[in-house]
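The analysis underlying the following values was restricted to heavy atoms, covering all of them including side chains, and did not include hydrogens, waters or symmetry mates. FYI, the numbering just counts along the sequence from 1.
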Amino acid sequence: MVKDFSDYSLKGRNTFGMDVKCRRFIEFSTVGELQQTVTSLTEADKPLLFLGGGSNILFTKDYDGTVLHSAIMGHEATEADGGVLLRCGSGETWNDMVDLCVSNGWHGAENLARIPGEVGASAVQNIGAYGVEAKDIIHEVEAVDARTGELRTFSNAECEYSYRWSKFKGEWRGSFVITHVTYKLSTTFAPRLDYGNITAELGKKGIGGQPTAAQLRDVVTEIRDAKLPDPKKEGNAGSFFTNPVVTREKYDQLAARFGAVPHYAASDGRVKIPAAWMIEQCGWKGKSLGPAGVHPRQALVLVNRGGACGSDILRLCDRIREDVKSKFGIEISPEVNII
């Protein structure tokens, strides 16, 4: 059943806890309800905002338009070559999907455990962590055209995924509402342990280099819980910035100036540099600017210390970006969607 509200509070719908409202809020639980909804909307109902779990968004003001939220639930698995195709409703919680895969011996999502948000957002943001991205397991995406109500299916290639990017964030922004995402998982476990401190944490538990899928999922969960604040206690949207990717020449220049600069290999011979390291080098880790602050255990995370509004978080974001640009000559960009 469609839920339709006017002058709706979004405070409980965004993990920063911003006390803002939207002019209209509509929640749908079936594809048919969504199709009926979008074809009945008028120009007076626009602009439209497609909101998932609210874990990757910063509201700086009330939203003078209509917010659409998916409550399409459920999943179904079918056998595929060497694994399964798992079709999930876009309203499912992402971490529940990871747990489902681990418990059923469907592999590929373990490193993405504990990422907040919903299934639909995974296909928009190309979420990623510890050397794995959603694009590595996404098979296809089903969506409804927000203008016509037509149901469309997009292959992985058509979405043109790249680092924290898809056509849903670019050319298709505001055009399609995701209803289902199908993931291709393997029944053969091939753990990715070569990123971050996964191997070290496994070693502390005496597990070594051959963990089970559940052990890998649990270690990733523990690592994230240890360094990321609980949004119920301190409003945040997880990693606020993306890690910049630079040319090898630029990296060599930085290494010559600053010594050992942490980095990871990226595509086309380029180098990814952790934004958190640069932010920490600029002295921002654990510091505050008014009621907005940088988390003391993870410099990528901006937090609402209490009573902050979106403009406070944005002011802190801008100051950090300025300092990183001044010190390193590198632009860092928000991963969070700013409204």
Side-chain angles (χ1 to χ4, degrees), residues 1-31 33-41 44-73 88-97 115-127 134 141-147 149 159 164-170 172-181 231-232 235-240 302 304 309-310 313-314 334-339:
M1 181 177 178
V2 173
K3 297 179 180 179
D4 192 340
F5 304 96
S6 298
D7 196 29
Y8 184 83
S9 173
L10 296 170
K11 186 174 183 179
R13 296 280 183 173
N14 73 98
T15 57
F16 259 119
M18 294 302 161
D19 192 7
V20 297
K21 295 181 178 181
C22 61
R23 182 150 42 87
R24 189 178 181 188
F25 180 89
I26 301 175
E27 184 176 82
F28 52 90
S29 55
T30 69
V31 174
E33 288 178 356
L34 173 58
Q35 290 174 308
Q36 282 187 324
T37 295
V38 297
T39 53
S40 68
L41 294 174
D45 296 308
K46 298 175 181 178
L48 304 180
L49 175 64
F50 315 139
L51 184 65
S55 59
N56 200 49
I57 196 166
L58 172 65
F59 287 102
T60 61
K61 57 184 178 181
D62 289 344
Y63 188 72
D64 189 26
T66 300
V67 171
L68 297 177
H69 178 256
S70 173
I72 297 177
M73 309 301 284
C88 296
S90 56
E92 288 282 354
T93 299
W94 170 260
N95 198 57
D96 289 347
M97 194 282 291
I115 294 179
E118 297 175 355
V119 160
S122 73
V124 175
Q125 293 289 127
N126 185 25
I127 59 174
V141 180
E142 297 168 53
V144 164
D145 190 313
R147 297 155 296 186
C159 297
R164 302 299 182 272
W165 187 259
S166 74
K167 289 182 76 172
F168 295 109
K169 290 187 70 174
W172 295 342
R173 189 181 183 93
S175 297
F176 298 100
V177 188
I178 294 174
T179 63
H180 294 85
V181 183
K232 294 178 181 178
N236 72 92
S239 297
F240 197 92
L302 305 190
N304 180 353
C309 59
I313 304 293
L314 190 57
E335 176 179 339
V336 169
N337 297 301
I338 299 172
I339 305 296

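One distance of note links CD1 of Ile115 with OG of Ser239; it measures 9.0 Å at 0.5 Å rounding. Taken from CD in Glu335 to CZ in Phe240, the straight-line distance is 10.0 Å, to the nearest 0.5 Å. The distance from the CE atom of Met73 to the CG atom of Asp96 is 7.5 Å, given to the nearest 0.5 Å. Distance check: Phe5 CZ to Glu27 CD gives 7.5 Å after rounding to the nearest 0.5 Å. Atom CG of Asn56 is separated from atom CD1 of Ile127 by 9.5 Å, given to the nearest 0.5 angstrom. Note that the CG atom of Asn236 and the CG atom of Leu58 stand 11.5 Å from one another [nearest 0.5 Å].
The shortest distance between side-chain heavy atoms of Lys169 and Asn126 does not fall below 4.5 Å. Leu41 has its side chain within reach of Ile26: a pair of non-hydrogen atoms, C-beta onward, lies under 4.5 Å apart. Contact check for Ile57 versus Arg13: no side-chain heavy atoms found under the 4.5 Å cut-off. Within the 4.5 Å cutoff, the side chain of Phe168 has heavy atoms near those of the Val141 side chain. A 4.5 Å side-chain heavy-atom check between Phe176 and Arg147 finds at least one atom pair inside the cut-off. A 4.5 Å side-chain heavy-atom check between Leu49 and Phe59 finds at least one atom pair inside the cut-off. Two residues are said to be in side-chain contact when any heavy atoms from C-beta on lie closer than 4.5 Å; Glu142 and Val31 fail this criterion. Leu10 places a side-chain heavy atom less than 4.5 Å from the side chain of Leu51.
Closest approach of Ser9 to Asp19, counting heavy atoms only: OG-OD1, 4.2 Å. Closest approach of Thr15 to Ser55, counting heavy atoms only: OG1-CA, 3.3 Å. Of all non-hydrogen atoms in Ser90 and Ile178, the two that sit nearest each other are OG-O, 2.9 Å. Across Gly89 and Val119, no two heavy atoms sit closer than the pair O-CB, 3.5 Å. Heavy-atom minimum distance, Phe16 versus Ala237: CE1-CB, 3.5 Å. Scanning both residues, Phe50 and Ala146, for their nearest heavy atoms gives CZ-CB, 4.0 Å.
Ser29 and Glu33 form a side-chain donor-acceptor contact under 3.5 Å, judged by distance and modelled atom types alone.
At least one donor-acceptor pair closer than 3.5 Å links the side chain of Thr60 to the backbone N or O of Ile339. A donor-acceptor contact shorter than 3.5 Å is absent between the side chain of Arg24 and the backbone of Leu68. Thr66 places no side-chain N or O within donor-acceptor distance of the main-chain N or O of Leu48, the cut-off being under 3.5 Å. Between the side chain of Arg164 and the backbone N or O of Gln125, no donor-acceptor pair lies under 3.5 Å.
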### Task
List the steps and the verdict of salt bridge (charged side-chain N to carboxylate O under 4.0 Å, His left out) for Lys21 and Asp62.
CA-CA 5 Å; Lys21 295 181 178 181; Asp62 289 344; over 6 Å; no

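Between Phe25 and His69, the angle of the ring planes stays under 30°, which puts this pair in the parallel group of the 30/60° scheme.
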